[in-house]
Amino acid sequence: LGIPAPIAARLRVGQTLSADDVQRLAHEARLATAHEQALHFLEPRPRSTAEVRQHLAKKKNPAEVIEQVIARLTDAGLLDDAAFAKYWVENREQFQPRAARALRRELQRKGLAHADMAEAVGRVDEEASAYRAAQDRARRWRHLERREFLNKLLAFLVRRGFDYGVAKSAAQRAWNELHAPDSEAETPHGYMKESTDGPIS
């Protein structure tokens with residue numbers, strides 16, 4: 001029958017299976033396989049419900065099986081879109097800060113509901129995020145003349161989704177702090193502590 005060992009262990013030599021029994025075992029086998037596929041998909045990082053559903057669909061699992069796996073994972077606390085949205089925003093804030101609207105676009109692509117996105121993105125401080133986003137590029141471009149420095153950093157921040165005014169303020173602040181007397185690229189107030197984790201993708 002090609003069923004997983006835990007299910008096959010319930011059978012015995014000489015047992016007679018009806019057509020319904022075979023159909024039930026086949027369904028259990030598909031369910032067990034899909035569940036394992038989902039668990040492997042969740043190993044590297046948390047995922048949204050939509051991501052897991054799409055992944056299982058690509059593996060050619062029937063819709064009924066997919067929904068049963070989704071329900072099982074949700075009941076076990078392994079799928080939680082509100083928690084996923086919070087995780088995504090916090091990771092971006094720490095490693096690749098960007099504007100709230102850019103975060104919303106990313107979460108939309110992950111299939112998040114509006115309420116889950118609003119809760120997570122609503123905590124973002126745009127000015128603080130823009131300043132953190134500017135740090136690495138500012139240090140990389142500190143040798144540039146002021147106009148070129150500001151133009152490049154402003155363009156970079158706008159690409160991250162920040163409004164022009166917020167981006168301009170962050171770029172100017174980065175310039176001022178890099179070129180202040182005795183400046184040593186001081187740590188900005190409220191900067192998040194370093195982590196051994198990396199950015200998500």
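Residue Val158 shares its hydrophobic cluster (ILVMFWY side chains chained together at separations under 4.5 Å) with Leu154, Tyr164. Leu56 belongs to a hydrophobic cluster whose other members, connected by ILVMFWY side-chain contacts under 4.5 Å either directly or through intermediates, are Leu31, Leu39, Phe41, Leu42, Val52, Val65, Ile66, Val69, Ile70, Leu73, Leu78, Leu79.
By the side chain to side chain donor-acceptor pair (under 3.5 Å) test, Arg147 is found to be paired with no residue, residues two or more places apart in sequence or in another chain being considered. Judged as a salt bridge (charged side-chain N to carboxylate O under 4.0 Å, His left out), and not counting sequence neighbours, the contacts of Arg123 are Glu119. Phe162 pairs by the ring pair (Phe, Tyr, Trp, His ring centres under 6.0 Å) definition with nothing, not counting sequence neighbours. Legend: residues meeting salt bridge (charged side-chain N to carboxylate O under 4.0 Å, His left out) with Arg109, ordered by chain and number and at least two apart, are absent. Looking at residues two or more places apart in sequence or on another chain, you find a side chain to side chain donor-acceptor pair (under 3.5 Å) between Asn61 and Gln37. Annotation: ring pair (Phe, Tyr, Trp, His ring centres under 6.0 Å) contacts of Phe149 (sequence neighbours excluded): Trp175. In this structure, Glu126 has no side chain to side chain donor-acceptor pair (under 3.5 Å) partners at least two apart in sequence or on a different chain.
Residue pairs meeting the salt bridge (charged side-chain N to carboxylate O under 4.0 Å, His left out) criterion with at least one partner in residues 54-68, sequence neighbours excluded, are Arg53-Glu67. The salt bridge (charged side-chain N to carboxylate O under 4.0 Å, His left out) contacts involving residues 74-86 comprise nothing, where partners must be two or more places apart or lie in separate chains. Contacts classified as ring-ring contact (aromatic ring centres under 6.0 Å, His included) and involving residues 58-77 (residues at least two apart or in different chains) are not found.
Remark: Glu43 CD is packed, more than 12 non-hydrogen atoms of other residues, nucleotides or ligands lying under 6.0 Å away.
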